[in-house]
Amino acid sequence: MRKIFLSLLLMGAFATVANAQKEFANIELPMNRAEDLVTVADESGNVCIYFYQSGRLNFALLSPNGQQLAQHQIPYRYSQEPQILGTRVTDNEFIFYSRYTNGRREYVRPFAVHRRTGAFRSMQDEQLQVARNANFLGGFGNDNHFYMLYTDKDNNMHLYRDTDEDMAHLEHKTFKPEMPRTRDRYARETDLIYISDDIEHNVFTGHHRSKIYIRGEKIYMIYDGFNLRGQNRKEATTEILTLDWNTGETNYRTLPSVAQGNTPTFNSFLHKDKLFRVHLEKDQFKLTAFDFKTLKPIKDYSYTGDEEIAIKSTPVQQRGAKSIFSSNVTEIEKTSKIMKNLANGVPAITVDAFSDSTLQLTIGSYKAPAERNGRNDMGRMVRTPDRYVRTARGLMMVPGRWTPAYNIPNYYLNSPYYSRYFYDPYGQSSGFSSGPGTSTYFRSVLSAEDLAKVESGKETEVLQDKIENFEQDLKPEPEFKTVYRYGDKLHYGYYDRKARTFRIMEFAHGQEQDKQE
């Protein structure tokens with residue numbers, strides 16, 4: 001018995017050494033809502049951490065070796081929480097852009113933190129001249145500029161961008177794209193996501209079908225699989241809309257159409273000068289790389305039926321499909337089941353590169369959780385309250401009964417006062433998700449030169465996999481996490497609520513080998 005216990009102890013110690021990661025920083029942050037935390041890093045290795053709480057802006061500045069250089073609590077205006085839209089990294093500062101609305105008036109409120117000293121600076125608000133029929137879509141930016149995007153009822157794009165001379169002043173340009181409308185109005189706009197260099201590369205971020213990219217002075221909006229008016233309902237395509245800031249002109253292009261039913265079957269991702277598109281069905285897998293300038297295909301991988309997906313560099317994993325007494329992470333081995341599970345959701349793909357020689361692709365699908373929206377189901381069963389009736393023999397209880405919700409006036413079910421007397425288990429918590437969703441995916445490492453699969457070796461290490469394995473070993477699972485790019489490394493930050501500490505772990509290629517040596 002003693003030998004068995006000693007063997008298990010040694011195995012556990014070896015696993016700890018093999019999977020040990022470098023801790024970049026350990027900061028005490030008294031946060032109540034850790035999901036509001038924002039992290040931004042510069043090319044020198046400085047990291048700025050921001051969150052808002054109790055009417056104050058909270059900042060912490062870290063040096064390239066993880067030491068805390070400064071920490072501030074800045075009282076904010078009238079305790080109005082700023083809506084952080086995006087960040088910029090200039091030569092000297094981290095810039096945070098927030099949006100403030102007062103009726104029909106819209107303002108931009110930027111504030112900055114010095115990259116080396118941590119000094120805080122608030123800038124003057126600027127009111128935007130926004131048309132009455134314009135709707136705000138989002139804010140985004142890179143190290144060069146910050147943008148705010150609006151659209152109007154005529155599908156015109158209104159773009160605001162900060163100037164080179166004044167980071168707090170935004171110029172306005174209107175773009176009039178000539179592109180077909182979708183069958184469902186505003187379908188493209190409801191799923192927009194900005195693809196930055198720091199985006200977490202998983203199927204959750206990759207499953208969005210409307211993506212925004214910045215390349216120099218041009219904004220690219222790429223839409224996948226939307227049904228267009230006046231076109232075949234059984235086909236869809238990838239649309240590319242280009243907004244040229246210098247000329248104010250637009251350009252609309254499309255990829256070859258793909259057969260598609262009522263649910264999306266393909267998605268794309270732009271990486272440098274290549275556009276990758278993945279097409280997933282129950283008996284078909286196809287990955288195509290296009291030259292983004294000419295839109296001509298340059299590489300194609302296709303598998304059907306029970307054919308092994310040879311492009312895989314890691315096993316196919318499924319996360320989130322948890323049942324009782326089972327693990328949250330399962331590995332799928334059978335090819336036919338792989339095809340079926342990959343197609344059970346919105347296709348997703350992301351591409352990243354940590355060296356000039358290889359690309360790391362995350363391919364799979366994401367199935368969003370079901371929403372509890374029982375309040376709109378008037379056929380649900382509701383139990384009426386118990387009643388007490390005075391009789392000759394004393395007080396007698398008349399028990400409530402189960403009845404469809406349409407038998408009870410809405411005034412009672414929706415009233416904050418009377419609804420407390422009804423037992424309505426299916427009408428409560430409406431609009432909230434019932435889980436984290438299901439992610440099914442694998443990763444592939446390709447050569448950056450010819451897009452051929454890289455055989456197993458040191459270069460096939462996938463940092464995102466190392467992060468997910470580390471996260472799985474954390475008990476309990478952190479309530480908040482963030483992943484951002486740090487040069488050729490990845491930083492995984494998570495909030496330890498018990499210790500009220502924010503911990504940042506650093507993951508790099510060859511890290512485990514160094515630990516073992």
Give a yes-or-no answer on whether the side chains of E471 and Y492 include a donor-acceptor pair shorter than 3.5 Å.
-> yes
Are the aromatic ring centres of F24 and H491 under 6.0 angstrom apart?
-> yes
Would you check if the distance from the ring center of Y147 to the ring center of Y194 is below 6.0 Å?
-> no
Does any non-hydrogen side-chain atom of M148 lie less than 4.5 Å from one of L128?
-> yes
Between N58 (side chain) and Y52 (backbone), is there a donor-acceptor pair under 3.5 Å?
-> no
The reported gap from CG in N267 to CG in L280 (rounded to nearest 0.5 angstrom) is 9.5 Å
Would you check if I199 and H201 make a side-chain contact, meaning some heavy-atom pair closer than 4.5 Å?
-> yes
Please determine, by modelled atom types, if E239 and Y252 share a side-chain donor-acceptor pair under 3.5 angstrom.
-> yes
Should the pair R88-D162 be classified as a salt bridge under the 4.0 Å nitrogen-to-oxygen rule?
-> yes
Heavy-atom side-chain proximity of L361 to V278 below 4.5 angstrom | no
CG of D450: more than 12 outside heavy atoms within 6.0 angstrom?
-> yes
Tightest non-hydrogen contact, residues E200 and T205, listed as O-OG1, 2.6 Å
When you look at CG of D197, are more than 12 heavy atoms from neighbouring residues, nucleotides or ligands closer to it than 6.0 Å?
-> no
Taking NZ, NE, NH1 and NH2 as the nitrogens, is one of them in D191 or R209 under 4.0 Å from a carboxylate oxygen of the other?
-> no
Backbone N or O of A508 within a donor-acceptor pair of the K466 side chain at under 3.5 Å?
-> yes
Would you confirm whether Y486, through its side chain, and G45, through its main-chain N or O, come within 3.5 Å as a donor-acceptor pair?
-> yes
Is the closest side-chain heavy-atom distance between Y150 and N135 below 4.5 Å?
-> no
May I have the step-by-step check of side-chain contact (heavy atoms from CB on, under 4.5 Å) for Y495 and L37, ending in yes or no?
-> CA-CA 10 Å; Y495 187 63; L37 185 141; over 6 Å; no
Heavy-atom closest contact (P64 atom, N46 atom, distance) | CD-OD1, 3.3 Å
Steps toward side-chain contact (heavy atoms from CB on, under 4.5 Å) verdict (L490, Q464) = CA-CA 8 Å; L490 283 182; Q464 192 69 36; 3.9 Å; yes
Hey, what's the ring geometry for F59 with Y50, parallel, tilted or perpendicular (30° and 60° as the breaks)?
-> tilted
May I ask you to say whether R115 pairs ionically with E93, meaning some side-chain N is under 4.0 Å from a carboxylate O?
-> no
Can you measure from OG1 (T151) to CG (L192) and round to the nearest 0.5 angstrom?
-> 9.5 Å
K299, NZ: over 12 other non-hydrogen atoms inside 6.0 angstrom = yes
Is there side-chain contact between T174 and H172, with at least one heavy-atom pair below 4.5 Å?
-> yes
Establish, yes or no, whether a centroid distance under 6.0 Å links the rings of H509 and F354.
-> yes
Less than 4.0 Å between a side-chain N and a carboxylate O, is that true for R109 and D125?
-> yes
Check: D244 side chain, G248 main-chain N or O, donor-acceptor pair, under 3.5 Å | no
E449, CD atom: more than 12 neighbouring heavy atoms under 6.0 Å | no
Between N341 and K367, do the side chains contain an N or O donor and an N or O acceptor separated by less than 3.5 Å?
-> no
Think R99 forms a cation-pi with F136, using NZ or CZ under 6.0 Å from the six-ring centre and within 45 degrees of its axis?
-> yes
Applying side-chain contact (heavy atoms from CB on, under 4.5 Å), run through I349 and L287 and close with a yes or a no.
-> CA-CA 10 Å; I349 178 173; L287 174 66; 3.8 Å; yes
Shortest non-hydrogen contact from T250 to K176?
-> OG1-O, 3.8 Å
Residue pair L359 / F276, side-chain heavy-atom distance below 4.5 Å | yes
Without hydrogens or angle criteria, can the side chains of T294 and D291 be said to hold a donor-acceptor pair below 3.5 Å?
-> yes
Apply ring-ring contact (aromatic ring centres under 6.0 Å, His included) to the pair F96 and F94, showing each step before the final yes or no.
-> CA-CA 7 Å; F96 295 80; F94 295 105; 7.2 Å; no
Residues R485 and D352 bridged, charged N to O under 4.0 Å = yes
Side chains of N65 and S63: is there a donor and an acceptor less than 3.5 Å apart?
-> yes
Inspect the surroundings of CD in E28 and state if more than 12 heavy atoms from other residues, nucleotides or ligands are less than 6.0 Å away.
-> no
Considering only NZ, NE, NH1 and NH2 on the basic side and carboxylate oxygens on the acidic side, decide whether D465 and R443 come within less than 4.0 Å.
-> yes
Side-chain heavy-atom pair V329, Q472 within 4.5 angstrom cut-off = yes
In this structure, NE2 of H271 is separated from CD1 of I195 (nearest 0.5 Å) by 13.0 Å
Taking C-beta and beyond as the side chain, do T254 and T238 meet within less than 4.5 Å on heavy atoms?
-> no
What pair of heavy atoms forms the shortest contact from K453 to S313, and how long is it?
-> CE-OG, 4.0 Å
Does S357 reach the main-chain N or O of S355 with its side chain, forming a donor-acceptor pair under 3.5 Å?
-> no
Value for CD1 (I467) from CD (E506), rounded to nearest 0.5 Å, stands at 10.5 Å
side-chain contact (heavy atoms from CB on, under 4.5 Å) assessment of L85 paired with Q83 = CA-CA 6 Å; L85 301 177; Q83 180 186 1; 4.0 Å; yes
Does the ring centre of F292 sit less than 6.0 Å away from the ring centre of F290?
-> no
side-chain contact (heavy atoms from CB on, under 4.5 Å) with Y160: of L149, V108, L170, only one passes, and it is L170
For F111, the option from L57, I95, I74 that meets side-chain contact (heavy atoms from CB on, under 4.5 Å) = L57
Determine the minimum heavy-atom distance between Y301 and A452, stating which atoms define it.
-> OH-CA, 3.4 Å
Residues Q318 and T440: side-chain donor-acceptor under 3.5 angstrom | yes
Backbone N/O of H114 and side chain of T117: donor-acceptor pair under 3.5 Å = no
Least distance between heavy atoms, A25 atom then L62 atom = CB-CD1, 3.7 Å
Spacing of H145 atom NE2 and L159 atom CG [to the nearest 0.5 Å] | 11.0 Å
Any donor-acceptor N/O pair, S444 side chain to I311 backbone, under 3.5 Å = yes
R105 backbone acceptor or donor facing N102 side chain under 3.5 Å = no
For this output row, return yes or no: ring centroids of F204 and Y366 closer than 6.0 angstrom.
-> yes
Show me the side-chain donor-acceptor pairs of residues 213-223 shorter than 3.5 Å, one per line, residues at least two apart or across chains.
unit_1, atom_1, unit_2, atom_2, d
Y213, OH, L270, N, 3.1
E217, OE1, R161, NH1, 2.9
E217, OE1, R161, NH2, 3.4

